[in-house]
Amino acid sequence: MASEITYAEVKFKNDSSAAVIKGPPPETKKHEHHPKKYLPWLPWLISLLLFLVCIALVVLLAVLFSHSADQPPALQQNFTEWLCNSMVPQGKEQGWTCCPNGWKRFRESCYYFSEDLLSWVESEQNCTGMGSHVVVINSEAEQNFLSEAMKSLGGQNYYIGLRAQEVGQWHWVDQAPLNVTAAFWRTGEPTNSTAEPCVVIHRQTAPPNNWNDIRCERHNRICEAAAVTVRWRS
Ligand code: MMA
Ligand code: CA
């Protein structure tokens, strides 16, 4: 049996500080006091600073968010199917006016008539989420188009983008006050009561005067967005 030889290499550092300790090691002081040097309030200061940074971040995000909400709505481009009509050619200029599939077009706007019911605030949120707003009616032509378009639909009351801030103070969602030359109240309306600050088109009332102020309960809605246009020269 071959004998095993173990080599060991031992290096000695030429270090005089590595003295051999003969006695037991000196006891480490467990409760050492570092007066002044330790700064007991430093962790608190750091926590406070971190907290303030968090608050600043939240405020910054809130400001950014509210600013993006100020932007005029652009019809969401992620609809997959669009229907386009050619514009009336003007000299060398021609083009298309397009609305998402399922929306109805009138002039340069697209309209969505909901099948489901929501409160007025939820209606506005739903329209905004699609890059639109609850409809703002600017003319009798638009009012008649809407009334005609909803004849074949199932809903009774369709929210429009008109609401009272105070009794009798009617404002559109774009903040414009109601123009008396383009107001289409049903006979006997508006009720002008605090209980009825929202406005609907009542489908079964003959147009053009078919608006009713109503409690802001769940109703159908009409959303409006600018149509997407493509123009070119030939
Ligand atoms: C309902 C409601 C009101 C409307 C009146 C008109 C009873 O209340 O729709 O908004 O003004 O009818 O009779
Ligand atoms: Ca009413």
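Residues take their numbers from the sequence shown, with the count starting at 1. Because the structure is predicted, anything quoted here is derived from the model rather than measured. Each ligand, and each atom within it, is numbered from 1 in the order the structure gives.
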**Study point:** First-shell residues of ligand 1 [heavy atom, distance under 4.0 Å]
**Key:** Arg186, Glu189, Thr191, Glu196, Asn212, Asp213
**Study point:** Name of whichever N/O/S atom of Glu196 is nearest to the Ca ion (ligand 2)
**Key:** OE1
Study note, to complete from the structure: The atom name of the N, O or S atom in Glu189 nearest to the Ca ion (ligand 2) is OE1
Check your understanding: Is the number of heavy atoms from other residues, nucleotides or ligands within 6.0 Å of CH2 (Trp44) greater than 12?
Key -> no
Exercise for review: Report, as yes or no, whether the 6.0 Å neighbourhood of atom CD on Gln204 holds more than 12 heavy atoms from other residues, nucleotides or ligands.
Suggested key: yes
Check your understanding: Are the side chains of Gln94 and Arg231 in touch, meaning some heavy atoms are under 4.5 Å apart?
Key -> no
Review point. Between Glu224 (side chain) and Ser132 (backbone), is there a donor-acceptor pair under 3.5 Å?
Key: no
Check your understanding: Does Ser119 offer a backbone N or O that forms a donor-acceptor pair with the side chain of Ser123 under 3.5 Å?
Key -> yes
Study note, to complete from the structure: OG1 (Thr191) to the Ca ion (ligand 2) to OD1 (Asp213), nearest 10°, is 90°
Practice item. Answer yes or no for Ser193: is there an N/O/S atom below the 3.0 Å cut-off from the Ca ion (ligand 2)? Key: no
Practice item. Compute the ring centroids of Trp82 and Trp96, then answer whether they are less than 6.0 Å apart. Key: no
Exercise for review: List the steps, then state whether side-chain hydrogen bond (donor to acceptor under 3.5 Å, both in side chains) holds for Asn157 with Arg203.
Suggested key: CA-CA 6 Å; Asn157 293 302; Arg203 183 173 62 88; over 6 Å; no
Listing, residues 206-218 side-chain donor-acceptor contacts under 3.5 Å, not counting sequence neighbours, or none:
unit_1, atom_1, unit_2, atom_2, d
Asn210, OD1, Gln143, NE2, 2.7
Asn210, ND2, Ser147, OG, 3.0
Trp211, NE1, Gln143, OE1, 3.1
Asp213, OD1, Thr191, N, 2.8
Asp213, OD1, Thr191, OG1, 3.2
Asp213, OD2, Thr191, N, 2.7
Asp213, OD2, Asn192, N, 2.8
Arg218, NH1, Leu117, O, 3.4

